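First the structure, in the form of structure tokens, and then the observations on it.
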Amino acid sequence: MLSLETVRTAALAAQPWSRLDELVRAELSAGRKVREIAAEFAGMLDDVWDTPGLSEDGHDAFGDTLDKLTGNCRSADCYTDPPTLPTHEEVAGLPRWARVAFAARCARRVLPLYAVGRPDAGRVTAGQVRHAVELAEESAARADARSIPGEDYIRSGSLAYSADDPADEAAHNASQAAAYAAADAADNEQPERAFYGMNYADDAARRTADISPHVRRDFDYLTRLAGWQRWADEDPVPPDVFGPLWPEGLPAGWPADPDLPAYAELPFVMTVRDGASDRTAEDEAANLFNALNAYYIARTGDRLTLDGYKALVAAL
Amino acid sequence: MADDAKLRLDLRLVPADDRPPDPAVLDDLVRLIRQGVATSPPQAPRVSDPAAGFRGPDDDQARPLRDLDSKVKHRIEQAEADAKAAVAKRAEVAAQPDGPQRLADQALTAAGRVVSAVQRAALRGVAVRVPDPPDPTG
């Protein structure tokens with residue numbers, strides 16, 4: 001609950017918009033819903049506006065904050081409830097191989113936590129856990145049910161973990177996420193495996209970062225894609241459909257991927273269909289360059305430049 | 001049924017101003033291009049490499065190809081000039097109290113633009129792909 005005193009203090013601050021925003025976001029991070037916070041703000045409206053010494057800015061900031069809580073603003077500016085993990089019903093509702101791909105994606109996201117928590121490997125190596133994820137991804141990409149060798153080995157081999165060691169516990173949960181992703185690709189289809197795997201991945205990440213917004217974003221994107229492309233249970237779903245795991249950058253404290261390719265440049269090829277004009281080729285090359293550069297700038301603050309260019313024609 | 005490609009453009013981008021490359025972000029760009037390819041609309045024309053492959057232009061093809069090359073490079077040069085302003089703007093955003101969140105939001109939006117650019121190219125008969133990654137051991 002927010003007290004009147006707390007809200008008044010924020011409204012009286014030198015930067016009332018920022019202070020009130022921090023209050024709201026702290027409440028949302030604590031698990032409260034937008035409508036609950038909106039009701040509290042609405043209930044103290046008269047008291048806040050009657051605060052002795054309240055400036056015009058403080059008056060407006062409170063009103064603007066209430067507008068953002070009640071949806072009386074541009075949609076991009078309104079407060080929304082924090083994303084939650086998909087439910088069991090939601091995950092089970094995905095087409096077969098989309099579900100396996102989703103489970104594999106969740107497991108891949110937390111893979112680096114296994115090596116961090118168990119650097120000495122023991123019975124199950126980081127390579128074995130990664131291999132289980134890769135096989136699940138391949139299975140979904142080919143729409144090919146298979147028994148993943150060692151899946152039970154991974155699941156049983158990592159059951160023991162130290163509850164006093166958060167990194168070891170995270171490693172255990174990461175391995176279980178991989179095992180369930182692999183299990184979901186097996187012949188005896190059981191939709192709940194993907195749901196369990198997703199939750200193990202969330203548990204693995206819990207002490208390092210909240211990955212539920214990323215998992216939710218993956219799920220919602222996959223659901224839209226499945227509808228747009230009309231996927232049925234027999235349609236393959238390659239891991240490439242998801243794109244980068246962390247397009248905004250790694251969360252604070254998250255371990256880097258030890259298997260990252262050593263890119264020093266970005267080569268790419270554009271092939272132009274017979275019948276497409278040279279103007280089309282020119283437009284698409286420029287448009288793609290702009291988009292690539294915009295992302296690189298957004299992430300690094302540096303820009304890209306064209307270092308190599310070659311044009312070839314079809315040999316007849 | 002796929003159509004044969006008539007033309008192939010090989011491009012290579014590197015960080016400007018001798019800045020060190022960021023392998024993680026370059027890897028993300030590769031993944032975004034692949035995401036655009038994997039999620040291209042089903043109605044996008046399929047473009048296949050010709051059976052005989054590609055070669056340098058002969059005398060008849062050289063001039064029109066030089067014209068295209070010149071136009072593509074000129075468009076990219078213009079875009080690079082605009083990018084300098086984007087770099088300065090990003091630095092301003094980074095300095096704000098809410099800079100990290102705004103930059104994260106901008107990165108997410110920019111990621112979507114890469115995917116859309118690849119999909120748009122596919123719809124217009126221009127297929128984009130990336131070569132296989134380098135060996136992580138260097």
Side-chain angles (χ1 to χ4, degrees), chain A residues 18 225 229 238 240-244 247-250 256-257 259-276 278 280-282 284-316, chain B residues 3-10 12-16 19 21-23 25-29 31-32 34-35 38-39 47 50 52-55 57 61 65 68-69 71-72 75-76 79 83 86-87 90 104 106-108 110-111 113-114 117 121 124-131 133-134 136 138:
Chain A
S18 296
L225 202 56
Q229 301 209 347
D240 282 347
V241 303
F242 290 105
E248 311 104 310
L250 288 174
D257 180 359
D259 299 318
L260 195 69
Y263 284 109
E265 57 189 26
L266 179 65
F268 59 96
V269 175
M270 305 182 81
T271 46
V272 183
R273 179 175 74 107
D274 194 9
D278 285 356
T280 296
E282 176 195 334
E284 297 314 309
N287 187 52
L288 182 57
F289 173 81
N290 277 324
L292 294 168
N293 213 1
Y295 181 75
Y296 196 82
I297 290 171
R299 287 287 309 277
T300 68
D302 293 329
R303 57 189 179 88
L304 295 170
T305 186
L306 183 66
D307 188 56
Y309 176 93
K310 183 167 65 177
L312 300 170
V313 297
L316 297 173
Chain B
D3 292 330
D4 276 355
K6 68 171 184 178
L7 181 65
R8 169 177 155 164
L9 305 179
D10 288 10
R12 187 176 69 251
L13 307 184
V14 298
R19 297 289 293 163
D22 188 321
V25 179
L26 291 172
D27 182 64
D28 281 354
L29 282 172
R31 292 177 187 276
L32 287 169
R34 291 188 172 139
Q35 183 181 12
T39 59
V47 186
F54 295 92
R55 59 169 173 77
Q61 297 164 322
L65 201 55
L68 172 62
D69 292 353
K71 287 174 183 172
V72 169
R75 292 278 296 272
I76 290 180
V87 168
R90 191 227 187 241
Q106 287 177 7
L108 201 54
R113 280 184 57 195
V114 175
R124 299 186 75 192
V126 179
V128 183
R129 66 177 178 86
V130 290

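To find a chain, count down the sequence lines: A is the first, B the second, and so on, and within it residues start at 1. As a basis for the values below, the full set of heavy atoms in this structure was taken, side chains included, without hydrogen atoms, waters or symmetry mates. Only a predicted model underlies this, so the values are computations on that prediction, with no experimental measurement involved.
Taking 4.0 Å as the cut-off between side-chain N and carboxylate O, Arg299(A) and Asp22(B) do not count as a salt-bridged pair. Here Arg90(B) does not pair with Asp302(A) in a salt bridge; the nearest charged N to carboxylate O distance is not below 4.0 Å.
In terms of heavy atoms, Gly301(A) sits closest to Val87(B) at O-CG1, 3.2 Å. Closest of all the heavy-atom pairs between Ala291(A) and Arg113(B) is CB-O, 3.8 Å. Of all heavy-atom pairs between Val25(B) and Tyr296(A), the closest is CG1-CD1, 3.6 Å. Considering every non-hydrogen atom in both Ala38(B) and Asp240(A), the closest pair reads CB-CB, 3.9 Å. Of all non-hydrogen atoms in Pro267(A) and Val130(B), the two that sit nearest each other are O-CG1, 3.7 Å. Between Asp28(B) and Pro247(A), the closest heavy-atom pair is OD2-CA, 4.5 Å.
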**Prompt:** Asp274(A) and Asp3(B): side-chain contact (heavy atoms from CB on, under 4.5 Å), yes or no, with the steps?
**Reply:** CA-CA 7 Å; Asp274(A) 194 9; Asp3(B) 292 330; 5.6 Å; no

**Message:** I'd like to know whether Thr271(A) forms a side-chain contact (heavy atoms from CB on, under 4.5 Å) with Phe54(B), so could you lay out the CA-CA distance, the side-chain angles of the two residues, the decisive distance to 0.1 Å, and finally the verdict.
**Reply:** CA-CA 10 Å; Thr271(A) 46; Phe54(B) 295 92; 4.1 Å; yes

**Message:** Assess the residue pair Val47(B) and Val272(A) against the criterion (side-chain contact (heavy atoms from CB on, under 4.5 Å)); give the C-alpha distance rounded to whole Å, side-chain angles, the decisive distance to 0.1 Å, and a yes or no.
**Reply:** CA-CA 7 Å; Val47(B) 186; Val272(A) 183; over 6 Å; no

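In terms of the side-chain contact (heavy atoms from CB on, under 4.5 Å) criterion, residue partners of Asp4(B) (sequence neighbours excluded) are, by chain and number, Ser48(B), Pro50(B). In this structure, the side-chain contact (heavy atoms from CB on, under 4.5 Å) partners of Arg55(B), at least two apart in sequence or on a different chain, are Val313(A), Ala315(A), Asp58(B), Gln61(B).
Atom CZ of Arg19(B) is separated from atom CZ of Arg303(A) by 11.0 Å, given to the nearest 0.5 angstrom. In this structure, CG on Leu13(B) lies 12.5 Å from OH on Tyr309(A), to the nearest 0.5 angstrom. Ile76(B) CD1 to Leu306(A) CG: the interatomic distance, rounded to the nearest 0.5 Å, is 4.5 Å.
Only the side chain of Leu65(B) comes within contact range of chain A, with at least one heavy atom under 4.5 Å from a heavy atom of that chain.
With chain A as the partner, the residue from Lys71(B), Gln35(B), Arg129(B), Gln106(B) showing the most heavy-atom pairs under 4.5 Å is Gln35(B). For the set Pro57(B), Pro23(B), Ala86(B), the entry with the most heavy-atom pairs within less than 4.5 Å of chain A is Pro23(B).
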